[in-house]
Visitor: 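Take this structure, written in structure tokens, and hold onto it; I'll ask about it next.
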Protein chains: 2
Amino acid sequence: MSIEIHPAVASCLRGFEVPDRLGFGTVMAPVMFRARCQDGCWSTGELVPYGPLALDPAAKVLHYAQSCFEGMKAYRTRDGGVSLFRPERNAARMAHSAERLCMPPVPESLFMEGVRTVTAYCANLVPASSGESLYLRPFLLGTQPDLSVSASASYEFYVIASPSEAYHAGNMRLWVEREDSRAAVGGTGDSKVGGNYAASLLSIARLKKRGYDQSLWLNPGNRRTVDELSGMNFFAVIDGELHTPALSGSILEGVTRDSLITLARELGYTVRELDIDIEELLARVRDGSCSEAFACGTAAIVSPISVLGDDNGEYLLSSVPGPVAVCLREALLDIQEGRAEDRFGWMRPVEVVDINDQ
Amino acid sequence: MSIEIHPAVASCLRGFEVPDRLGFGTVMAPVMFRARCQDGCWSTGELVPYGPLALDPAAKVLHYAQSCFEGMKAYRTRDGGVSLFRPERNAARMAHSAERLCMPPVPESLFMEGVRTVTAYCANLVPASSGESLYLRPFLLGTQPDLSVSASASYEFYVIASPSEAYHAGNMRLWVEREDSRAAVGGTGDSKVGGNYAASLLSIARLKKRGYDQSLWLNPGNRRTVDELSGMNFFAVIDGELHTPALSGSILEGVTRDSLITLARELGYTVRELDIDIEELLARVRDGSCSEAFACGTAAIVSPISVLGDDNGEYLLSSVPGPVAVCLREALLDIQEGRAEDRFGWMRPVEVVDINDQ
């Protein structure tokens with residue numbers, strides 16, 4: 001594999017200072033990875049200065065949302081190194097998303113080259129506080145300028161990066177969304193594509209006015225079972241067991257979801273992937289047999305839920321993080337941040353590039 | 001209203017030659033209209049040379065598909081003038097689409113200024129053959145660079161134009177899509193947003209391999225009633241009556257659909273907007289009581305359907321356009337192209353700008 005490194009990359013990185021306040025996804029690293037695909041043939045990848053994309057006004061992505069993305073993180077580990085967490089899962093999911101939208105999958109080797117190269121050059125930007133990380137955003141766009149409704153002949157793949165705090169701190173107030181849907185049965189809900197997020201914005205704006213943080217999406221077919229949040233999977237602790245919605249076709253298969261299931265089973269919890277009926281869930285919150293609930297995702301890690309709300313009122317969970325959420329968050333971060341043995345083979349250390357040698 | 005005209009506009013237009021073969025949406029006019037919105041405040045509109053948009057790699061539109069668009073046409077009329085067709089309907093629909101995705105609606109006056117200005121300056125590019133036109137594509141993008149899942153604070157509105165043939169010639173072979181959905185109940189199907197089109201690409205690619213042209217989408221809730229094609233509405237002539245699916249929430253309310261309903265009633269047809277059960281429709285095609293079917297849209301005008309297909313086989317309609325389709329297409333084009341009186345007040349003549357005076 002050969003990568004082209006733009007001559008301005010080292011000076012861009014040397015001239016960059018990480019601000020004190022990070023937020024999530026707002027501070028962008030000064031370099032990005034790029035590769036192009038024309039009629040199925042991929043170019044060599046390049047690391048270039050971060051800067052505007054020049055897109056034809058008729059590019060398919062701008063009209064027909066032919067785009068998909070991933071969210072993943074590079075973690076500062078205890079030994080001072082930098083590691084990616086299960087990046088092959090993101091590569092595989094991005095290939096699945098691409099195929100759903102008739103896009104050529106980014107080859108796993110090119111995807112890995114992209115996330116490794118950005119991480120290697122941006123190693124100094126990976127924050128060291130627990131829970132912070134370098135958030136990586138690989139994304140793929142259909143760029144052909146042509147207004148007919150058909151798949152693009154040309155694509156661009158990018159990896160951009162953002163030194164970030166965790167996306168949600170916890171104590172989340174969720175609104176049970178009974179009107180809108182983020183994706184259809186037979187739609188794109190199990191793919192990480194823009195349209196799912198666009199469809200969710202109005203619900204989120206509406207519930208924010210009511211003092212809530214996120215929508216709890218129901219299955220668009222039956223309108224009764226819980227699917228997910230936008231960008232996060234859902235877990236509840238019911239009679240001491242850990243329950244999470246079974247993958248229904250309209251749920252994104254989260255890497256954090258899968259990792260928490262594995263960790264919870266190792267820790268001795270009974271974990272069930274099943275249909276969670278919203279009315280039963282609300283009843284169990286009210287009678288106390290649901291002792292905690294939380295959301296999880298790469299960006300959010302583990303975010304405890306303190307309230308579920310709908311037109312009938314509020315269903316209160318604890319306002320302090322529950323013991324299962326705390327324990328799983330710690331077990332996951334302990335592996336990601338190198339305090340615990342990597343006993344599942346999840347971590348991929350990245351060989352750091354010293355830009356002062358360039 | 002003031003518009004800024006970029007100094008290079010006149011020379012761009014003078015140097016542009018319309019190629020002999022137009023196709024649909026591939027030949028782009030050399031100028032475009034642009035306006036920006038920051039925190040709800042719209043800039044003055046500008047007419048500028050057509051050229052690449054500079055979008056931050058973290059722009060919301062590229063990740064979360066926060067974009068919507070319209071399709072409309074400027075027609076060369078019999079008297080040599082140029083007219084828009086019911087542009088207020090497109091302005092209103094774009095406002096509806098924008099609101100569904102938490103975007104600020106483009107004010108009607110700005111929308112009209114955009115489509116009128118592009119048409120006025122590109123009048124020489126409006127083809128004169130019947131069925132050809134200057135296709136106009138207004139679109140709105142969320143441009144804020146920020147990876148959190150929330151509405152953008154900044155937007156760009158564009159109008160680009162393409163001298164075009166009609167999108168489909170007719171004799172369409174439709175596949176009854178029973179697996180995939182283009183939009184959800186409670187989703188974005190009644191808005192003209194990218195995600196609906198992205199979700200439809202895989203179905204279209206699959207059925208093209210089987211020798212079909214377009215998917216016939218079913219209602220995503222009941223999976224039994226007909227919704228629409230991607231970008232076109234559906235009509236069938238059953239026992240001599242004109243039937244079209246009632247607006248279900250997952251159907252785009254087409255301007256051509258509405259216009260054909262009006263024209264058909266004027267012509268004495270009984271028109272019903274109702275639920276069309278796919279099994280009943282297929283049975284009626286087979287027994288001959290469905291005598292014709294066609295799709296309609298701004299781009300496609302009226303496109304006769306010759307075959308419906310599904311896993312059970314093919315349901316054959318006439319391979320020559322049926323009398324109702326022919327009659328309605330002619331009645332519509334007669335108004336649009338100025339051969340018939342504008343008795344519904346649909347046409348909006350545009351005062352042409354002579355670029356040689358500039």
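This one's a predicted model, so the numbers in the text were calculated from it and none came from an experiment. Lettering follows sequence order; numbering is per chain, from 1.
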Visitor: Under the salt bridge (Lys or Arg N to Asp or Glu O under 4.0 Å) rule, what pairs show up with a residue in residues 183-197 of chain A, not counting sequence neighbours?
Guide: none
Visitor: Measuring heavy-atom distances to chain B, does A:Leu62 have an atom under 4.5 Å in its side chain, in its backbone, in both, or in neither?
Guide: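 Both backbone and side chain of A:Leu62 come within 4.5 Å of chain B.
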Visitor: Can you tell me how the ring of B:Tyr64 sits relative to the ring of A:Phe69, calling it parallel under 30°, perpendicular over 60° and tilted otherwise?
Guide: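 Perpendicular: the ring planes of B:Tyr64 and A:Phe69 meet at over 60°.
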Visitor: Start with the C-alpha gap between B:Val61 and A:Val61, add the side-chain angles, then the distance that decides, and say whether side-chain contact (heavy atoms from CB on, under 4.5 Å) holds.
Guide: CA-CA 9 Å; B:Val61 61; A:Val61 61; over 6 Å; no
Visitor: Hey, which of A:Ala205, A:Ser230, A:Gly195, A:Ala199 has the most heavy atom pairs under 4.5 Å with chain B?
Guide: A:Ala199
Visitor: At a 4.5 Å cut-off on heavy atoms, which part of A:Arg100 comes close to chain B: side chain, backbone, both, or neither?
Guide: both
Visitor: To the closest 0.5 Å, what do you measure between CG (A:Leu147) and OH (B:Tyr135)?
Guide: 6.5 Å
Visitor: Quick check on the interface: out of B:Ala58, B:Ser162, B:Pro220, B:Ser67, who has the most heavy-atom pairs with chain A under 4.5 Å?
Guide: B:Ala58
Visitor: Any salt bridge (Lys or Arg N to Asp or Glu O under 4.0 Å) pairs touching residues 48-74 of chain B, not counting sequence neighbours?
Guide: B:Lys60-B:Asp146, B:Glu70-B:Arg93
Visitor: Taking every non-hydrogen pair under 4.5 Å, which of B:Ile160, B:Thr26, B:Thr188 racks up the most with chain A?
Guide: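 The residue among B:Ile160, B:Thr26, B:Thr188 with the greatest pair count is B:Ile160.
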Visitor: Where does A:Ala183 contact chain B at under 4.5 Å (heavy atoms): side chain, backbone, both or neither?
Guide: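 Just its backbone gets close to chain B.
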Visitor: Might you point out which heavy atoms bring A:Leu101 and B:Ala198 nearest each other, and give the distance in Å?
Guide: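 Scanning both residues, the minimum pair turns out to be CD2-O, 3.3 Å.
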Visitor: So, using salt bridge (Lys or Arg N to Asp or Glu O under 4.0 Å) as the criterion, who are the partners of B:Arg206 when residues are at least two apart?
Guide: B:Glu177, B:Asp180
Visitor: Identify the heavy atoms of A:Ala65 and B:Ala65 that sit nearest to each other, and give their distance.
Guide: CB-CB, 3.7 Å
Visitor: Considering only heavy atoms, give the residues of residues 149-158 of chain B separated from chain A by less than 4.5 Å, sorted numerically, with 'none' for an empty result.
Guide: B:Val149, B:Ser150, B:Ala151
Visitor: When you measure from the side chain of A:Ser181 to the backbone N and O of B:Val185, does any donor-acceptor pair fall under 3.5 Å?
Guide: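 Yes; judged by distance alone, with no hydrogens or angles, the pair exists.
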Visitor: With a 4.5 angstrom heavy-atom cut-off, which part of B:Arg182 approaches chain A: side chain, backbone, both or neither?
Guide: neither
Visitor: Heavy atoms, side chains only, cut-off 4.5 Å: are A:Met32 and B:Pro57 in contact?
Guide: yes
Visitor: Side chain, backbone, both or neither: which part of A:Leu55 has a non-hydrogen atom closer than 4.5 Å to chain B?
Guide: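 Both parts, heavy atoms under 4.5 Å.
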Visitor: Determine whether the aromatic ring centres of residues B:His63 and A:Phe139 are separated by less than 6.0 angstrom.
Guide: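 That pair passes the under 6.0 Å test.
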Visitor: Under 6.0 Å from the CZ atom of B:Arg21, do we count more than 12 heavy atoms belonging to anything else shown?
Guide: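 No.
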